[in-house]
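Basis for what follows: all heavy atoms, side chains included, without hydrogens, waters or symmetry-related copies.
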Amino acid sequence: MRDDDRGAPLAPGAPPLEHRLDRGTLVGCLGILCVLALPAILFLPVETWDLPPWGLRLVPLVAIGLALIGATLLLRVPPATPPRSRDPLHPLTGRGASPVQDLPAGPRNRAALLGVWLLLALCVGGYLVVSFPARDVGALPGTLLASAAGAALLLYGALAAARRLPLPAWRWVRVPISGGLAPQALPSAAAGALAVAWALIVAAGEGYAWAPLGVGVLIVGGALAGPAARRLAAREGDGRR
């Protein structure tokens, strides 16, 4: 079997190599489909499907979850030309990322993990309160509970990824050796964003006036959170060098 020589330079006058469908392309296509599923599902006439209340609340949750999965897959697509580092003190992997190191988790990491589980339980409790409401009780208590717990989880995940707070871990903590965002805290931030977005969509469907404003704040905050977290992480990494 011949080795894959797609990375080798072409000889003068040689025809270009044909494009091949590799794993990165498939992951990117799947990520795009998952992202496009969000508007497709949200615009479905689910109100006419005669679903139970928990089923109606589950539809936007699935749509937002698919969008987050798609965004994660798109971020995992390797770049066409991965950045290289000739500095032996700051190496990069084949994908252009900083290598990670495993460190033993301490009491603060375990406490942070328990806090994450508690916030996740509150988010699930908000979904249950909205899906199975008591008599004469609307969706307001459940949406407020899910949005508050989700916002706290999102804020913690962003600060922990930037290494401003302890990472959630029970046994091992994985951190990049030369600065950058700690990926171990990103699932917590994603779960918080999922809970907040779901609560705002449900609240908007119930006619609460503050819900559209909350959706706008979430979109603007999401656009600013990434660059701010990278800047904090880069400053943290520069301070350790």
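The distance from atom CD1 of Ile69 to atom CG of Leu30, rounded to the nearest 0.5 Å, is 9.0 Å. One distance of note links CG of Leu128 with CG of Leu145; it measures 10.0 Å at 0.5 Å rounding.
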Side-chain donor-acceptor pairs of residues 147-159 under 3.5 Å, sequence neighbours excluded:
residue	atom	partner	partner atom	Å
Ser147	OG	Thr143	O	2.7
Ser147	OG	Leu144	O	3.0
Tyr156	OH	Pro166	O	2.6

Less than 3.5 Å apart, which donor and acceptor atoms pair up between the side chains of residues 103-120 and the rest of the protein, not counting sequence neighbours?
residue	atom	partner	partner atom	Å
Asn109	OD1	Gly106	N	2.9
Asn109	ND2	Leu167	O	2.8
Arg110	NE	Trp170	O	3.0

Mind running ring pair (Phe, Tyr, Trp, His ring centres under 6.0 Å) on Trp54 and Tyr127 for me, showing each step along the way? CA-CA 8 Å; Trp54 64 268; Tyr127 168 78; 8.4 Å; no
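In this structure, Arg163 and Pro176 approach most closely via the heavy-atom pair NH2-O, 3.0 Å. Residues Ala146 and Ala195 come closest through the heavy atom pair O-CB, 3.9 Å. Of all heavy-atom pairs between Cys34 and Gly70, the closest is CB-CA, 3.5 Å.
Hydrophobic clustering (ILVMFWY, side-chain heavy atoms < 4.5 Å, transitive): Leu26 and Leu33 are in distinct clusters. Following chains of ILVMFWY side-chain contacts shorter than 4.5 Å, one cannot reach Leu66 starting from Leu186, and the two form parts of different hydrophobic clusters.
Looking at Gln184, its side chain does come within 3.5 Å of a backbone N or O of Trp172 through a donor-acceptor pair.
Counting only heavy atoms from C-beta outward, the side chains of Val202 and Leu61 never approach each other to under 4.5 Å.
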